[in-house]
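These figures come from a predicted structure and were not determined experimentally.
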Amino acid sequence: MPATVEFHTGMADKIGFACRLLRKAYARGARVAVTGAPELLRQLDDELWLFEPQQFVPHVRLKAGQQPAPRLLRTPLWLLDAGAEPPHREVLVNLGPAMAEGPDDFQRVIELVGGTPEDRDAGRRRWRAWEAAGAKIVHHAQQAPGGPAPGPA
């Protein structure tokens, strides 16, 4: 189990927040696997190409059952469809709504929870699952426009 699980909650633009987080992780030399629904991963993939025109964030999208080409293994950011095997186990970023596969194998886990009611409910389920597993949780609440920051309860 990772030492801590970080929850970032209440962001109005989860994809934009993920892009900033991944850009920061890349700048620090972290190797990150990102999980989530296929549509969210597609949006993130597209946005990472356009987010900062002068700052390319290298990433690869990996589908279930697909083996990455050896030349790509040095790539620091991996967008993983369900069932895809990550090439490293350093940092896991989960865009939700379900628990990511094999999170205990990662050194660090970051859960991103947007401001919609559906995303908050799914985030709360993941929070309770991590608590039940005995994880130490660190909460970073963002103020969503037009309302209070959604908490874990």
> Checking salt bridge (charged side-chain N to carboxylate O under 4.0 Å, His left out) for the pair Arg42/Asp45: CA distance, chi angles, key distance, verdict?
Replying inline: CA-CA 5 Å; Arg42 186 200 56 75; Asp45 186 19; over 6 Å; no
>> Apply salt bridge (charged side-chain N to carboxylate O under 4.0 Å, His left out) to residues Arg128 and Glu131 and explain how you reach the verdict.
In response: CA-CA 5 Å; Arg128 286 190 292 271; Glu131 265 185 336; over 6 Å; no
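Between the OG1 atom of Thr9 and the NZ atom of Lys14 there is a distance of 11.5 Å, given to the nearest 0.5 Å. Rounding to the nearest 0.5 Å gives a distance of 11.5 Å between NE2 of His139 and CD of Glu6. From His140, atom NE2 reaches atom CE of Met11 across 10.0 Å, with rounding to the nearest 0.5 Å.
Across Leu73 and Pro87, no two heavy atoms sit closer than the pair CD2-CB, 3.9 Å. A pairwise comparison of heavy atoms in Leu92 and Ala100 identifies CD2-CB, 3.6 Å as the closest pair. Between Ala135 and Val5 the shortest heavy-atom distance is CB-CG2, 3.9 Å. Closest approach of Trp130 to Glu111, counting heavy atoms only: NE1-OE2, 3.0 Å. The two atoms that bring Ala82 and Ala64 nearest to each other are O-CB, 3.1 Å, heavy atoms only.
By the 4.5 Å heavy-atom criterion applied to side chains, Asp81 and Arg61 are counted as neighbours. The closest side-chain heavy-atom distance from Thr35 to Glu101 is not below 4.5 Å.
Clustering ILVMFWY residues whenever any of their side-chain heavy atoms sit less than 4.5 angstrom apart, transitively, puts Val109 in a cluster other than the one holding Val138. Residues Val91 and Val60 fall into different hydrophobic clusters, defined by Ile, Leu, Val, Met, Phe, Trp and Tyr side chains chained together at heavy-atom separations under 4.5 Å.
Applying the side chain to side chain contact (heavy atoms under 4.5 Å, CB included) criterion to Leu62, with sequence neighbours excluded, gives Gln66, Pro68, Trp78, Leu80, Ala84.
Atom CZ of Arg89 has more than 12 heavy atoms from other residues, nucleotides or ligands within 6.0 Å.
A donor-acceptor pair under 3.5 Å is absent between the side-chain atoms of Arg126 and the main chain of Met99, judged by distance alone. Within the 3.5 Å criterion, the main-chain N or O of Val57 finds a donor-acceptor partner in the side chain of His59.
Below 30°, between 30° and 60°, or above 60°: for Phe7 and Trp127 the angle between ring planes is between 30° and 60°, a tilted geometry.
A side chain to side chain contact (heavy atoms under 4.5 Å, CB included) with Val93 is found for one member of Leu77, Leu44, Leu112, Leu79 and no other, namely Leu112.
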Which atom pairs, donor and acceptor, lie under 3.5 Å between side-chain atoms of residues 15-33 and protein residues at least two apart or in another chain?
{"residue": "Arg20", "atom": "NH1", "partner": "Gly16", "partner atom": "O", "Å": "3.2"}
{"residue": "Arg23", "atom": "NH1", "partner": "Glu52", "partner atom": "OE2", "Å": "3.2"}

